[in-house]
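Below, chains carry the letters A, B, ... as their sequence lines are ordered, and counting in each starts from 1.
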Protein chains: 2
Amino acid sequence: MKINVKTVQRFSLYRRLLLEFQPEEDRERIFSYELASLAGNTAAQVRRDFMVLGYTGCTSKGYETHRLVESIAAVLDSEEGQKVAIVGTGHLGKAVIDFFRDRRPKLTIVMGFDVKPDRVDCTIHGCPVFHADRIEELVREEEISLGILTLPVEASQAAAEALVRGGVRGIANFAPVRLHLPPDIHVEELDMTTYLETVAYFARVREAPSDDADDLLL
Amino acid sequence: MKINVKTVQRFSLYRRLLLEFQPEEDRERIFSYELASLAGNTAAQVRRDFMVLGYTGCTSKGYETHRLVESIAAVLDSEEGQKVAIVGTGHLGKAVIDFFRDRRPKLTIVMGFDVKPDRVDCTIHGCPVFHADRIEELVREEEISLGILTLPVEASQAAAEALVRGGVRGIANFAPVRLHLPPDIHVEELDMTTYLETVAYFARVREAPSDDADDLLL
DNA sequence: TAGATTGTTAATCGATTAACAATC
DNA sequence: TAGATTGTTAATCGATTAACAATC
């Protein structure tokens, strides 16, 4: 039962879809093929994923949505929640803070950091912003376990190192640069250039509507 | 020679790394294992990817970086360039516009759209912003082929449809919602929740430094 | 029961890795 | 030549899909 990045991403998607799921009648169950069609994959895969979760459905009655959501939460969420710090409170940082407000109770962005004097010592949507000099100190004090980098390329490595010194275990990096960090720190990179280039390529190549369903999951 | 999403993402990453690559002496070549180590994969895979590009290196001399960049450009870029429109000019939209400024000459965000009166009829980093009512008209007029959605969930579907009516062929969607569009439109979704949840999960699970190198490519 | 969906195994598919002759 | 890297094939690995008995 290996849970890899792709599996986690599917679980996250399933949860989102289940929370949005509005059945016609007031039934609170969902069939594997229904969720599969929402998620864009096959019913067999949905069933296999649920087996991994350890949640068994009822034959010919499907799965109870609220129990599925609980099962997914048991895997994805930590019981006591995880605190997140964000470094870089420009437009992107503000957008991320706003995006996560009240969205996932177990993942809270508790503080931001920046170097620009006019961005420090204020709050963004209730999230206090401190000077980047204090990253290590405050991350350790608050027992923050995750970091988000929404900084220019040149500042990202130093910020990442400060986060790790403070005790952060995982980093989401929006800057298009590979970070050099200890191997036990999980880094997930998101390069918007790659993202848009992928769209651009397939938008061009797929020009002919002779479409052969390639994998376009997240 | 099937080029799928993952392959395109690797090409994009290679290009970024090659453009940053600063060899010690003034040699302008790179070995497969050097690029592999930068990109975090194996030398064999790098060589295989280059074969797909149709660029052959020199035995025991490696690959010329500038010719590699050209070969990648021949696949990823369209000769005449592709125009992009962005819908939603809040913090995220502004960040994306700023991010792409001068980054990829063949991908230009030529205009933005919004509905809020105070965001319309101004420019952001030289990019003019119009009212969302005019999406279809202006996208068709300017022959824009790509769209970026940086909008709240509830507004995204309508905006996507307007873009498609205007002639857009591919959409990068930042809102956590599945769009219902004709199958010949390529949609790439980016859900920040999924992204952060993935980091959170592996940061937790990997707690013990008994690390078994899982796949963490973009 | 008949119909439908589930859990689970077997078959398929594709991507990655390993290996090695060819080349400079 | 010896050393190193390339192009390319074969072997491995893992994930996805197909299939079907079991169950309600």
Q) Tyr63(B) side chain N/O closer than 4.0 Å to the phosphate oxygens (OP1, OP2) of dG7(D)? A) yes
Q | Of Arg103(B), Arg16(B), Arg10(B), the residue whose pairing with Asp191(A) passes salt bridge (Lys or Arg N to Asp or Glu O under 4.0 Å) | A | Arg16(B)
Q. Is the NZ or CZ atom of Arg15(A) both under 6.0 Å from the centre of the six-membered ring of Phe11(A) and within 45° of that ring's axis?
A. no
(Q) Using the ring pair (Phe, Tyr, Trp, His ring centres under 6.0 Å) criterion, which residues pair with Phe100(B)? Sequence neighbours excluded. (A) none
Q) What does Tyr33(B) touch in the nucleic acid at a heavy-atom separation under 4.0 angstrom: a base, only the sugar-phosphate, or nothing? A) sugar-phosphate
Could you go over nucleotides 11-15 of chain C and give all protein N or O partners under 3.5 Å, atom names and distances?
none

Q | Donor on one side chain, acceptor on other, Glu188(A) and Thr198(B), under 3.5 Å | A | no
Q: Send over the distance from Phe50(A) CZ to dT8(C) C1', rounded to a whole Å.
A: 16 Å
**Q.** Sequence neighbours excluded, every pair satisfying ring-ring contact (aromatic ring centres under 6.0 Å, His included) that has a member inside residues 65-85 of chain B
**A.** none
Q: Mark up nucleotides 18-24 of chain C, 5' to 3', with B wherever a protein heavy atom is under 4.0 angstrom from a base atom, S wherever such an atom reaches only the sugar-phosphate, and - elsewhere.
A: -B---BB
(Q) Strictly by salt bridge (charged side-chain N to carboxylate O under 4.0 Å, His left out), give each pair with a member in residues 152-161 of chain B just once, sequence neighbours left out. (A) none
Q: Starting at the 5' end of DNA chain D, write a dot or bracket for each base, bracketing those in Watson-Crick or G-U wobble pairs whose two distances are under 3.5 Å and using | for partners on another strand.
A: ..||||||||||||||||||||||
Q) Whole Å only: how far is the CE atom of Met51(B) from the P atom of dT5(D)? A) 19 Å
